[in-house]
Protein chains: 2
Amino acid sequence: MLMTQGPLTRKLSAFVALSGDDLETLARFHRRRRSFQAGHQMIHEGGKNQSAFILAEGWACSYKLLPDGERQIVDFQIPGDFLGLRSILFRTSDHSIEAVTRIEASEVLASDILDGFSRAPRLASAVLWAASRDEAMVVEHLVNLGRRSAETRMAHFLLELGARLKLVGIGGLSGFDCPLTQYHLADALGLSAVHVNRVLRHLREEGLVTFQKGRVSFDNLAGLTELAGFDPDYLDQDGPLLR
Amino acid sequence: MLMTQGPLTRKLSAFVALSGDDLETLARFHRRRRSFQAGHQMIHEGGKNQSAFILAEGWACSYKLLPDGERQIVDFQIPGDFLGLRSILFRTSDHSIEAVTRIEASEVLASDILDGFSRAPRLASAVLWAASRDEAMVVEHLVNLGRRSAETRMAHFLLELGARLKLVGIGGLSGFDCPLTQYHLADALGLSAVHVNRVLRHLREEGLVTFQKGRVSFDNLAGLTELAGFDPDYLDQDGPLLR
DNA sequence: CGTCAAGGCTGCTCTGGATCAGTCGCGCAA
DNA sequence: TTGCGCGACTGATCCAGAGCAGCCTTGACG
């Protein structure tokens, strides 16, 4: 029963050995099952008293808007990801989250989280760890934007996404299905949509990756990894640190 | 006695109302006082079993190196900041931290943290909150790199630094003392040192900010805030969320 | 079947910021 | 006192990537 709770539990168990109480509390987070259409804005930047969600099915993205209307996508969320944690921890949310595809998720209220932490304290440590893992990805993304060329940026992005998807059992070494448009990539990588197209074409012509028709295919995984300077197991974890 | 524990305690109390037990556990984190020379590398990317530190005095910066030798500074740490948390939570550190000036800090071992969390569970929530606040800054930094021009990037960076320093009582609305070189700024903002110099000159000529001789002066705070699209109170918190 | 909107794709021009190649001033050590 | 090295500062040149403009394909809809 508890084992079927899905990828979040599995993810957290990689860090702490969760007790029965912890698991039960975690199960409460899954009571409010909701679904959203593609394009629906689930969390609003500047909004107050928002919920968080645990993604069961579909893709989302978190982003910020600038005064001039530009947007920067901070991260994409895939099944098993906790989304909008910061919008609970802070009084007002500092970012927005939008459904990229149709989504199935469990809504988690601020009170669920805060009560849950007092009832099952190790859960707080586990969530801290998960949040740190997310932060590590954001940092990697930051390095991407600050210091890498458009091409290595794209390569690194696709490899990281592939690695994350593999961890939750979607897609493998050969590639993955990807619902993102070139506009999404542009907003995430700080490029123009036009340039994204050129970069993708170039990577394809080099025989490294193909991104077409909603499918990413790694044509030469080793070459791509080398180009991107990607560490293939930076997301891995070898078993609980905290028992 | 406990009140003199410094800025970290004050910061965490802004989120949770800490009990006596919590405060006592937190006090244990301050047992190993250390100091480091400017330039000393306190945490090594890829290193295992590293400590974390609570900064009491001086400035540090966290960064990552790329294969080609470039570096991207992710964030600067100032007194009251917790540094290297991720190097404890993960088996191997994903970033390095270097002292910018001479530093006074308390060394916190992985076991201190992990034991501390089981003894004083609310501390885990508090640290989660502090980590989320740091993540929010990294995200802001990411938006900076992805979507803003060199000039607004610089403006935003200086304003944010000023706001952070003001929160811990260093510097005020008129400016602050700043030990960073233009090379540090370049590595943080994804620019070349040469261009940093030009941008600073331009901002000075516009009468917005002056950064000279280790001092940042806000000559026209309103104008600068407007240029940067900076929200002056995005770091604020109005009192404990969790009682 | 025709229209219309998204999204993919491409060529051209122009510019922001990198790179190179220095000078200048200062603090420090021999 | 004389180098010497670091950091601030400047001008000239170059190029990655943005902006613009337009065309093609696909799929939804009346």
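Because the structure is a prediction, the values reported are computed rather than measured. So that the names make sense, note that chain A is the first sequence line, chain B the second, and so on, each numbered from 1. No hydrogens, no waters, no symmetry mates; every other heavy atom, side chains included, goes into these values.
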Quick one: [X] [atom1] to [N] [atom2], roughly how many Å, whole number?
| X | N | atom1 | atom2 | answer |
| --- | --- | --- | --- | --- |
| B:H202 | D:dC9 | NE2 | P | 15 Å |
| A:L200 | C:dT10 | CG | P | 11 Å |
| A:R215 | C:dG8 | CZ | P | 17 Å |
| B:R204 | D:dC9 | CZ | C1' | 9 Å |
| B:F211 | D:dC9 | CZ | C1' | 14 Å |
| B:L180 | D:dG7 | CG | P | 12 Å |
| B:H184 | D:dG7 | NE2 | C1' | 12 Å |

Please list each protein N or O that sits under 3.5 Å from an N or O in nucleotides 16-22 of chain D, with the distance.
from: D:dG17; atom 1: OP1; to: A:A150; atom 2: N; distance (Å): 3.0
from: D:dA18; atom 1: OP1; to: A:G190; atom 2: O; distance (Å): 3.3
from: D:dA18; atom 1: OP1; to: A:S192; atom 2: N; distance (Å): 3.4
from: D:dA18; atom 1: OP2; to: A:S192; atom 2: N; distance (Å): 3.3
from: D:dA18; atom 1: OP2; to: A:S192; atom 2: OG; distance (Å): 3.1
from: D:dG19; atom 1: O6; to: A:R198; atom 2: NH2; distance (Å): 3.4

Next on the checklist: Show, in sequence, the C-alpha distance, side-chain angles and deciding distance for A:E57 and A:R102, and conclude whether the side chain to side chain contact (heavy atoms under 4.5 Å, CB included) test is met.
Outcome noted: CA-CA 8 Å; A:E57 200 62 53; A:R102 180 183 170 75; over 6 Å; no

Checklist entry - How about B:F157 and B:F76: are their ring centroids closer than 6.0 Å? => result yes

Next on the checklist: Counting the benzene-type ring for Trp, do B:F82 and B:F53 have ring centres under 6.0 Å apart?
Outcome noted: no

When you check the phosphate oxygens OP1 and OP2 of [N], does a side-chain N or O of [X] lie under 4.0 Å from one of them?
| X | N | value |
| --- | --- | --- |
| A:N197 | C:dC9 | yes |
| B:R201 | D:dT10 | yes |
| A:Q212 | C:dC9 | yes |

Checklist entry - About how many Å separate CG of A:L200 and CG of A:L158, when rounded to the nearest 0.5 Å? => result 7.0 Å

Checklist entry - To the nearest 0.5 Å, what is the distance between CZ (B:R198) and CG (B:L203)? => result 13.5 Å

Next on the checklist: Assess the residue pair A:I73 and A:H184 against the criterion (side chain to side chain contact (heavy atoms under 4.5 Å, CB included)); give the C-alpha distance rounded to whole Å, side-chain angles, the decisive distance to 0.1 Å, and a yes or no.
Outcome noted: CA-CA 8 Å; A:I73 292 180; A:H184 284 123; 4.1 Å; yes

